[in-house]
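These notes concern the structure reproduced below.
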Amino acid sequence: MGQVRAVTHRVGTTAAATETVDAVVIGAGHHGLVTATVLADAGWDVCVLEERAVVGGAVSSVVRDGWVMDEFSACYPLAVTSPILRYLELQEHGLRWARAETQVAHLGRPESRTVPVIMRNAQDTAALLAEDDPRDGRAWLRLVEQYDTVKGPLLDALLTRWPPVADARRLIAAVGVRHLPDFVRFVLLPCTRMGEELFHDQAGRELLAGNAMHADAPPTASVSGIYGWLMSMLAQDVGFPSPVGGAGQLAAALARRAESAGARIDTSTRATRVVVRDGAARGVETADGRRIAVRRAVVADTSAPALYERLLDPADVPPGLRARLSNFAWDLPTVKLNYRLSAPMPWTAQQARGAGVVHVGRDVPGLVQWSAQLEANTVPDRPFALVGQMTSIDAARSPAGTETLWLYTHLPRGVTDEASASRLLDNSEDMLDRFAPGWRDLVVERWVQTPRGLEGENANLGEGAVGGGTQQLFQQTIWRPITGSGGPRTHLRGLYLGSAAAHPGGGVHGACGYLAARAALTDSGAMGRRLDDVRLGALHRLYADAAPAWVGLRG
């Protein structure tokens, strides 16, 4: 299956001579491209090194026989709402968005012919919920109104600052001091409890719970509710959009934007080592023998294990950091099925036909059972899956009357063997038989991606995880990816982590790359360097102990 090459870039050479730039960005995923653009906009000389032959990381597409299939991720509500990506004005560099009329449908029980859906218009969504209970229609409109009140400061706080002190003040003002205790409680609720408190009937609860499963927090765990709420409100606000022509078009627009600012992107070039001297990042070495020195910064758009265990020499990683990294948790391994279908999916529930995204396989009690199987290290016998009907979103993806469709679901954490993946694939397709009888007759092509295959295609997707690390509370904010500053800064001067491994984590929003660039720009000034001295001193004390208190040490 051929890859879409978004932009023609210089490929790696065998030249051994040292070159010097202001900053090297390791990885041309969407975060790395955002980093390069922001630094180049500020006048820095930036070189981006990408191991693959195509930019974009997990934002890429492949084409076969005129069909466009998204290789990893596909639908990007956060990208449309992200203040960072809006600032980059990617529409000036060829990016266009498409979305379906029905944003999401939830299919919890095969016998159901009427299912909960989120429509483009909030009034339409509320009217459908009101058919089961009028109070639930009113509750939906109230949620939308509350979201509209807080979304500006909330998204700014999540995506544009670390720590988000000023935006947190704006968020508190939007919520109202009197209501702040209730808002904090709301943020911490499990999605099962949140659904019970918000809705009287199952429809609203299923929409909330299905959207919560875009993250890997169990539905009975704290903060899973806020994931469900945010994804539901994003679906109502902007839908589940995807770039016209495939996910790779977003990466292509980002690459054009970075190059227009002056950044250089070298594809097919694997970084092998970050050079450290006197406690600071001084350059990068590549597999083809290049040595690139940096005046100011190295930014790694890589996984946390890749940075600390592969790119840095062992002597440059303090023992306390290494001890904490041993407890780093990936998000759940992903199994992904991709199909070319000769006709749209024949869902028994008519409302799912033409929906952009379909949540299928489990109702709310079933989601709790599914999650419990994952937590118990058991391959689910009745999976829950996210399905994208990409031609329903963007007619340019496949010939008229056909459908490009993907499905992804999860294995238990740490279970990545091919036999378990194969069993889950069979169970997932059996599940589709119950919700869309006869669908197998439409299959033109079936393309399977297992956790090992995903990691083989993109090294950042460790164990087939697509979120850069678990999104559960214990590995967020100051604990992402390990206990420390929580943002993009590391224990070494001039070295930054600018991937989904850092705050705010998974999703296509550009924030991780943006925050890394802003940190590098700030630290290059005199005041920034003085503050960095204080921060580095604290981190070195924190990481000095090889057996830190309250940290479980295995082995």
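When a residue number appears, it is its place in the shown sequence, counting from 1. Computed over heavy atoms, backbone and side chain alike; hydrogens, waters and symmetry mates excluded.
Between the side chain of Ser61 and the backbone N or O of Gly248, at least one donor-acceptor pair lies under 3.5 Å. Judged purely by atom type and a 3.5 angstrom limit, Ser82 uses its side chain to pair as donor or acceptor with the backbone of His509. A side-chain donor-acceptor contact under 3.5 Å links Ser224 to the backbone of Pro219. Between the side chain of Thr35 and the main chain of Gly513, a donor-acceptor pair closer than 3.5 Å is present. Side-chain atoms of Arg113 come within 3.5 Å of backbone N or O of Glu111 as a donor-acceptor pair. The backbone N or O of Asp201 lies less than 3.5 Å from a partner atom in the side chain of Asp136, making a donor-acceptor pair. For the pair Arg99 (side chain) and Val238 (backbone), a donor-acceptor distance under 3.5 Å is present. Side chain of Gln351 to backbone of Val115: a donor-acceptor contact under 3.5 angstrom is found. Of the possible donor and acceptor atoms, one in the side chain of Glu403 sits under 3.5 Å from a partner among the backbone N and O of Thr391. Arg362 contributes no side-chain N or O that, together with a main-chain N or O of Pro383, makes up a donor-acceptor pair within less than 3.5 Å.
The shortest side-chain heavy-atom distance between Glu101 and Asn121 does not fall under the 4.5 Å cut-off. Using a 4.5 Å heavy-atom threshold, the side chains of Ser499 and Cys512 count as separate. Using a 4.5 Å heavy-atom threshold, the side chains of His359 and Val104 count as touching. Residues Leu189 and Ile226 form no side-chain contact, since every pair of their non-hydrogen atoms from C-beta on lies 4.5 Å or further apart. Proximity of Val335 to His410: side-chain heavy atoms (C-beta onward) are nowhere separated by under 4.5 Å. Leu424 has its side chain within reach of Pro380: a pair of non-hydrogen atoms, C-beta onward, lies under 4.5 Å apart.
Applying the side-chain contact (heavy atoms from CB on, under 4.5 Å) rule to Val244 yields the partners Arg96, Ala98, Asp394; only residues at least two apart in sequence or on another chain are considered. For the side-chain contact (heavy atoms from CB on, under 4.5 Å) test, no residue two or more places apart in sequence or in another chain qualifies with Asp182.
Comment: Asp430 engages Arg440 in a salt bridge, judged by a side-chain N to carboxylate O separation of less than 4.0 angstrom. A salt bridge does not link Arg413 to Asp331: none of the charged nitrogens lies less than 4.0 Å from a carboxylate oxygen. In summary, Arg138 and Glu145 do not engage in a salt bridge, as defined by a charged side-chain N under 4.0 Å from a carboxylate O.
Defined by atom type and a distance below 3.5 Å, a donor-acceptor pair is present between the side-chain atoms of Ser242 and Arg397. At a cut-off of 3.5 Å, with distance as the only test, a side-chain donor of Asn211 or Ser232 sits close to an acceptor on the other residue. Glu71 and Trp406 share no donor-acceptor pair across their side chains, judged by distance under 3.5 Å alone. No side-chain donor from either of Arg480 and His503 sits under 3.5 Å from a side-chain acceptor of the other. Judged purely by distance below 3.5 Å, without hydrogens or angles, the side chains of Gln449 and Asn338 pair a donor atom with an acceptor atom.
For the side chain to side chain contact (heavy atoms under 4.5 Å, CB included) with Met194, the qualifying choice from Val187, Leu208, Leu188 is Leu208, the only one to do so. Paired with Asp156 under the rule salt bridge (charged side-chain N to carboxylate O under 4.0 Å, His left out), one option of Arg170, Arg169, Arg86 passes, and it is Arg170. Across Leu234, Thr81, Leu250, a single residue satisfies side chain to side chain contact (heavy atoms under 4.5 Å, CB included) together with Tyr76, and that is Leu250.
Here the CZ-CD distance, from Phe328 to Gln475, works out to 5.0 Å after rounding to the nearest 0.5 Å. The structure places CG of Leu515 at 9.5 Å from CZ of Arg489, a figure rounded to the nearest 0.5 Å. Taking CH2 of Trp479 as the reference point, atom CZ of Phe474 lies at 11.5 Å (rounded to 0.5 Å). How far OG of Ser342 is from CG of Leu442: 4.5 Å, rounded to the nearest 0.5 Å.
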Steps toward salt bridge (charged side-chain N to carboxylate O under 4.0 Å, His left out) verdict (Asp132, Arg205)
CA-CA 12 Å; Asp132 295 312; Arg205 297 175 184 180; over 6 Å; no
Asp70 and Lys336: CA distance, side-chain angles, deciding distance, salt bridge (charged side-chain N to carboxylate O under 4.0 Å, His left out) verdict:
CA-CA 11 Å; Asp70 295 327; Lys336 185 168 179 274; over 6 Å; no
Salt bridge (charged side-chain N to carboxylate O under 4.0 Å, His left out) assessment of Arg256 paired with Glu92:
CA-CA 10 Å; Arg256 287 190 287 266; Glu92 301 298 323; over 6 Å; no
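Within the cation-pi definition used here (under 6.0 Å to the ring centroid, within 45° of the axis), Arg340 qualifies as a partner of Trp67.
Aromatic pair Trp447/Tyr339: ring centres not closer than 6.0 Å.
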